[in-house]
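Right, one structure below, let's go through it.
Here the structure is a predicted model, which is why all the values come from computation and not from measurement. Throughout, a chain's letter reflects where its sequence line sits, starting with A, and its residues are numbered from 1.
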There are 2 protein chains.
Amino acid sequence: MSGFAVDPAMIADAARRLDGRALRTPLLESALLNEAAGRRILIKAECLQHGGAFKFRGAWSAMTALAPERLRAGVIAYSSGNHAQGVALAARLLGVPAVIVMPEDAPRAKREATRALGAELATYRRGEESREELAARIARARGLTLVRPYDDPHVIAGQGTAGLEIAAQARAAGVARAEVLVPCGGGGLTAGVALALAEAAPDMRVRPVEPEGFDDVARSLAAGRRLSNPSEKGSICDAILTPCPGELTFPIMRALCGPGLRVRDDEALRAMATAFERLRIVVEPGGAAALAAALFRPDSLESDAAIVIASGGNVDSALFARALTRNDGAEV
Amino acid sequence: MSGFAVDPAMIADAARRLDGRALRTPLLESALLNEAAGRRILIKAECLQHGGAFKFRGAWSAMTALAPERLRAGVIAYSSGNHAQGVALAARLLGVPAVIVMPEDAPRAKREATRALGAELATYRRGEESREELAARIARARGLTLVRPYDDPHVIAGQGTAGLEIAAQARAAGVARAEVLVPCGGGGLTAGVALALAEAAPDMRVRPVEPEGFDDVARSLAAGRRLSNPSEKGSICDAILTPCPGELTFPIMRALCGPGLRVRDDEALRAMATAFERLRIVVEPGGAAALAAALFRPDSLESDAAIVIASGGNVDSALFARALTRNDGAEV
């Protein structure tokens with residue numbers, strides 16, 4: 001696996017830096033869910049991670065890899081929400097300042113939680129302003145280090161620590177061969193987990209899952225080159241709406257991942273209701289994409305067991321209540 | 001601790017039988033929750049346990065302690081819900097028949113989940129028929145073994161395994177001295193955890209939490225003898241509405257527990273909304289009682305850290321949606 005921006009040793013290093021800091025999230029399983037799905041489904045509950053998503057892993061990994069004086073000066077991040085919370089929480093725990101650049105239409109729960117963690121917010125209008133340019137300008141003016149959401153080797157390595165845990169937890173559950181479904185935006189989690197599993201569980205194959213109409217990674221994997229989405233708006237799965245696969249993440253996904261899967265918004269909502277009823281976890285729409293694929297696209301899968309990452313759980317209560325009530329009685 | 005129906009060695013034995021079977025549920029923590037509460041709050045998320053509540057521990061412990069031929073003949077249990085699911089799930093995994101005696105007004109989610117697990121249901125009218133007599137009659141006629149919800153040494157020992165995990169997980173989190181708040185019905189979990197901690201974490205003190213008006217354990221602890229509730233109806237915290245403390249559990253609680261705490265139904269609902277927003281777990285009203293006490297009765301606590309058990313998460317989606325929407329914006 002030489003030639004990638006990240007190697008397995010970097011993931012092992014990140015795991016050591018995260019030990020005792022990140023939650024070793026449980027790998028959940030439900031007898032009733034397995035029966036409904038016709039195969040074993042193991043759910044890696046990263047929605048329980050500190051900050052409510054896997055993003056804390058990458059943020060902590062990247063920040064603890066900085067030189068002490070750079071870390072002390074503070075960090076800046078742009079994010080539709082979960083990366084923001086991960087960076088804000090890591091900054092708080094490390095005692096350094098953080099500025100978060102966030103679209104002004106980001107879910108209320110995410111904006112408020114980020115601010116409550118002590119981060120400073122700078123907002124922009126999605127589709128009109130460039131979050132990258134705004135962040136770069138603030139970073140230069142204030143000497144902050146940008147923590148990228150996915151195209152950073154230490155971020156990818158941090159997300160990969162979830163893959164190391166999956167390998168060990170699945171082995172303990174008697175599962176060695178499985179498809180591992182990962183909700184996929186820019187590909188940091190997908191690439192990191194794929195790298196970790198290539199070494200730690202070679203009979204597992206990672207497959208990215210995206211919202212229908214925002215399937216840049218699936219199309220890019222099929223085409224062999226990076227393709228873009230026509231828009232960044234139009235799905236409730238806001239956590240995984242990104243313009244195109246990352247420069248660093250795509251070569252890793254291309255080498256290691258199976259074909260991408262696509263789910264509709266209503267399937268994500270039904271998966272949220274199923275996770276509520278059968279697993280007692282709170283999952284946001286984008287975070288439920290992989291579970292939705294396992295439940296509602298069973299013919300796209302080949303293996304006897306599917307491992308799905310429930311990647312985040314930061315969702316407005318009104319939307320969550322809607323997912324429960326519109327599907328009442330119709331869950332898997 | 002001699003003279004009790006259960007001793008620490010029985011809990012250690014139960015932990016061995018449950019190893020790899022019960023989920024080692026995570027001990028969650030939220031920086032924002034700590035800040036709001038003014039002390040560290042660690043949440044043992046037993047709502048993530050198989051079957052959605054700690055009850056699986058006791059059911060598995062009791063059933064695997066039976067002689068093989070008695071186990072094969074099958075089991076019967078009476079329960080307002082979570083114990084039923086625990087017994088039904090354990091019976092399914094052990095491949096033996098199970099009959100569940102349940103009030104006909106038990107939440108739909110609990111009735112359906114119990115049936116989906118393959119158990120046979122026998123219903124009774126709460127307050128009119130005796131579930132004990134009905135269960136005894138069926139057990140005699142069909143050669144089934146009764147698995148009691150709390151007054152059984154092996155059940156108490158099984159619930160106590162959650163206490164062993166709390167001791168180890170709290171130590172890893174740097175907490176040695178704490179009050180441990182436990183939602184309390186008949187006292188199986190409370191007594192089991194108290195026994196486990198008396199040995200494994202002697203600087204922790206267990207305190208039972210009950211709904212206002214159904215505080216038989218708190219009053220019994222204050223009086224030094226077992227007192228009853230005037231009614232078994234009238235709180236949404238159905239999982240912890242029981243007539244009086246158990247014969248076996250009360251002496252243990254009396255020797256080891258601190259004074260009981262009481263919470264209102266609306267506080268339980270607000271705690272459910274807080275658990276949704278800050279911890280991304282689904283907790284039912286009775287299961288949220290201890291968290292409610294930690295959040296809304298802070299002056300009743302003495303220690304710098306509170307450990308609360310979120311004991312169950314089996315709740316109808318309509319009630320959960322109500323907890324979220326009525327409290328929108330008002331969570332801790």
Please rank [options] by heavy-atom pairs under 4.5 Å with chain A and give me the top one.
| options | answer |
| --- | --- |
| Ala173(B), Gly52(B), Ser30(B) | Gly52(B) |
| Glu112(B), Glu29(B), Glu35(B) | Glu35(B) |
| Gly312(B), Ala275(B), Ala321(B), Ala45(B) | Ala321(B) |

[X] versus chain A, heavy atoms under 4.5 Å apart: side chain, backbone, both or neither?
| X | value |
| --- | --- |
| Leu23(B) | side chain |
| Leu89(B) | side chain |
| Val315(B) | both |

Between [X] and [Y] (side chain of the first, backbone of the second, donor and acceptor by atom type, cut-off under 3.5 Å), is there such a pair?
| X | Y | answer |
| --- | --- | --- |
| His83(A) | Gly58(A) | no |
| Ser61(B) | Arg57(B) | no |
| His50(A) | Arg21(A) | yes |
| Thr123(A) | Glu104(A) | no |

Query raised in the report: How about Asp105(B): does its CG atom have over 12 heavy atoms from other parts shown lying under 6.0 Å from it?
Result: yes
Query - Max heavy-atom pair count under 4.5 Å with chain B, selected residue of Leu279(A), Leu28(A), Asn314(A) - result: Asn314(A)
Query raised in the report: What residue, out of Ala172(A), Gly51(A), Ala113(A), has the most heavy-atom pairs lying under 4.5 Å from chain B?
Result: Gly51(A)
Requested in this report: Would you mind reporting whether Asp265(B) and Cys237(B) have side-chain heavy atoms less than 4.5 Å apart?
Outcome: yes
Query raised in the report: Using non-hydrogen atoms only, which part of Arg24(A) is less than 4.5 Å away from chain B: side chain, backbone, both, or neither?
Result: neither
Query raised in the report: For Gln169(A), is it the side chain, the backbone, both, or neither that has a heavy atom closer than 4.5 Å to a heavy atom of chain B?
Result: neither
Requested in this report: Would you tell me whether Thr25(A) and Glu46(A) have side-chain atoms, one donor and one acceptor, within less than 3.5 Å of each other?
Outcome: yes
